[in-house]
Amino acid sequence: MVEKTTDFERILAAYDVFPLPEPRHFGSGHINATFLVEGEDGRKFVLQRINSAVFQIEAIAHNLRLAAKYLTKHHPDYLFVAPIPTLAGEEMVVLEGESWRLTPFVPNSTSINEATTPQQAYEAARQFGLLSKNLDGLDLAKFEATIPDFHNLSFRFGQFQDAIAAAPESRREAAVELVAYFLDKSEIVATYESLMQNPDFPDRLMHHDTKINNVLLDADTQRGLAVCDLDTLMPGKVISDLGDMVRTYVSPVSEESVEFEKVVVREEYYKALIEGYLSEMKGVLTETEKSAIFYSGLFLVYMQGIRFLADYLNGDVYYPVKYPEHNLDRAKNQMVLLQDLYRTEDRLREIISEALSQE
Ligand code: GN1
Ligand code: MG
């Protein structure tokens, strides 16, 4: 559905792009509104309204500018889907208090919500590995947090505890089993805190939203072309990107599924994503980072589970919902996935060792 109140023509005039036909909603992100724009000359673009309640908008522009400059100099052939500057040289158009950004639509690209072949998992993971590898060497101190504490698990755990304490009785009651499960697994937070103290666990430029639908695949060959949705490109830890891939590539059904019996770890997809990521990053990672590969799945699935659950307890103030228990179901989906990661732990650790020992 197109928001009739949006003055697309005025926004796009800043780029000298004239939309034909009316831009339409595109993709499945939760936080920003995304539209596909077809220009009168046949060119296609992706237009996004950035959620300024969530993001430090200036930090996004700043980080992407630094990254684009570095990549142009050091990796000129790398396809970095950066915002197109307006005719006035700005990264964004601000209209009536809202910030809009235009990126090129990569020709013949497609994105998927679930991996249906291990090769897709391999290709997607390779693209995220390539991004961090190509950005290795940049001075991280120059980058800013586009969402402070975004993947700080101690902070997220604190928010979860606050949400439990403040929840209305009815929601706390409905969530009681899930809350107990996630509190019982707080060892995941303790492991995070000890890793954060480890000097062999460095910051790197991470994408921080490595869902499979943030990768552009060639529509014909399914080869990875590029990554998109770069709003959370900022310094972080390797467990963020690896973990969100585990979270979203290994199960045959997405985080939206309520067919909980289908939420399982597919080992061949796990293997493919680990091999895809390591094909780019093996030479970059430290020993501690390598030893945290299995943990990365626990970390991210746990964090997403408590974020969904906290939002349910808070009355659905962050993630848009289609029905009252939507966030509760999402949290349950994550719980089931976490349980399956524990169930398959031995085999997954073997897969990691084999991938690390391959030449
Ligand atoms: C949000 O907006 P979207 O769908 O790309 C969220 C991610 C979560 C994801 C769960 C800024 O991403 O952290 O993993 O939902 N992004 C933000 O689907 O909170
Ligand atoms: Mg997204």
Side-chain angles (χ1 to χ4, degrees), residues 25-35 46-61 63-64 81 99 101 103 111-115 124 127-128 131 144-153 155-157 159-160 163 182 206-216 226-237 239-251 253-258 263 296-312 314 316-322 326-338:
H25 264 291
F26 185 61
S28 52
H30 288 309
I31 307 299
N32 295 328
T34 306
F35 303 87
V46 175
L47 179 69
Q48 282 190 304
R49 185 182 62 221
I50 315 300
N51 187 327
S52 58
V54 170
F55 292 104
Q56 309 281 323
I57 292 189
E58 291 304 327
I60 300 176
N63 289 356
L64 295 185
V81 190
S99 300
R101 159 188 73 192
T103 50
S111 77
I112 53 177
N113 287 320
E114 288 111 16
Q127 285 300 316
F128 287 113
L131 174 73
E144 293 168 9
T146 66
I147 305 179
D149 288 319
F150 185 44
H151 279 193
N152 176 345
L153 186 57
F155 172 76
R156 295 297 184 189
F157 188 69
Q159 288 185 317
F160 175 49
F182 283 106
M206 287 289 130
H207 181 284
H208 286 110
D209 191 10
T210 57
K211 288 196 286 196
I212 194 106
N213 57 20
N214 284 334
V215 181
L216 304 177
V227 300
C228 62
D229 205 358
L230 296 164
D231 301 320
T232 45
L233 183 73
M234 58 181 159
K237 302 293 179 183
I239 50 175
S240 283
D241 281 12
L242 259 173
D244 217 18
M245 292 192 268
V246 172
R247 191 178 77 77
T248 61
Y249 304 1
V250 301
S251 170
V253 292
S254 80
E255 67 191 22
E256 291 295 315
S257 179
V258 292
V263 179
S296 70
L298 304 181
F299 162 73
L300 219 299
V301 176
Y302 183 81
M303 182 161 63
Q304 193 60 55
I306 63 173
R307 287 179 70 195
F308 284 144
L309 194 50
D311 199 34
Y312 174 75
N314 288 334
D316 309 315
V317 291
Y318 190 80
Y319 293 107
V321 291
K322 298 202 172 94
H326 200 161
N327 274 318
L328 192 64
D329 284 343
R330 287 167 170 154
K332 182 163 180 196
N333 174 304
Q334 300 296 289
M335 176 186 81
V336 175
L337 185 57
L338 190 55

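Keep in mind that the numbers below use all heavy atoms, side chains included, and drop hydrogens, waters and symmetry copies. Start at 1 and go down the list; that is how both ligands and their atoms are numbered.
- Every atom of ligand 1 is numbered from 1 in the order shown, and the set under 4.0 Å from a heavy atom of G29 is 2 (O), 4 (O).
- Residues R330 and N333 have side chains that never bring a donor and an acceptor to within less than 3.5 angstrom of each other.
- Considering backbone and side-chain atoms alike, H151 places every N or O at 3.5 Å or more from each N or O of ligand 1.
- Residue contacts with ligand 1 leave out R330, since none of its heavy atoms falls under 4.0 Å from the ligand.
- A donor-acceptor pair shorter than 3.5 Å can be found between the side chains of R247 and Q334.
- The shortest N/O to N/O separation between D209 and ligand 1 falls below 3.5 Å.
- Heavy atoms of I147 found under 4.0 angstrom from ligand 1 belong exclusively to the side chain.
- Shown in contact with D229 at under 4.0 Å from a heavy atom are these atoms of ligand 1, numbered in order with element: 5 (O).
- At under 3.5 Å, not a single nitrogen or oxygen of N214, backbone or side chain, sits near a nitrogen or oxygen of ligand 1.
- Atoms of ligand 1 lying under 4.0 Å from any heavy atom of F55, numbered from 1 in the order shown and given with element: 11 (C).
- Annotation: ring-ring contact (aromatic ring centres under 6.0 Å, His included) contacts of Y249 (sequence neighbours excluded): none.
- Inclusion of T232 in the set of residues having an N or O under 3.5 Å from an N or O of ligand 1 is not warranted.
- At least one N/O-N/O distance between Q304 and ligand 1 falls below 3.5 Å.
- Side-chain atoms of E114 and I212, non-hydrogen and from C-beta on, never get closer than 4.5 Å to each other.
- Considering backbone and side-chain N/O of F150, none are found under 3.5 Å from N/O of ligand 1.
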Under the side-chain hydrogen bond (donor to acceptor under 3.5 Å, both in side chains) rule, what do N51 and N32 come out as? Steps first, then yes or no, please. CA-CA 5 Å; N51 187 327; N32 295 328; 5.5 Å; no
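- In this structure the side chain of Y318 reaches within 4.5 angstrom of the side chain of V54, judged on heavy atoms.
- Put simply, the side chain of N63 gets close to the backbone of E144: a donor and an acceptor are under 3.5 Å apart.
- Using a 3.5 Å distance cut-off with no hydrogens or angles, the side chains of D209 and N214 do pair a donor with an acceptor.
- For S254, the side-chain hydrogen bond (donor to acceptor under 3.5 Å, both in side chains) criterion is met by no residue, not counting sequence neighbours.
- Taking 4.0 Å as the cut-off, R247 counts as a neighbour of ligand 1 on heavy-atom distance.
- Shown in contact with Y318 at under 4.0 Å from a heavy atom are these atoms of ligand 1, numbered in order with element: 11 (C), 17 (C), 19 (O).
- At a threshold of 4.5 Å between non-hydrogen side-chain atoms, the residues M234 and I60 do not count as touching.
- For the pair N32 and ligand 1, the shortest N or O to N or O distance does not fall below 3.5 Å.
- Against a heavy-atom cut-off of under 4.0 Å, E255 is close to the following atoms of ligand 1: 10 (C), 18 (O).
- Between Y319 and ligand 1, not a single N/O pair is under 3.5 Å apart.
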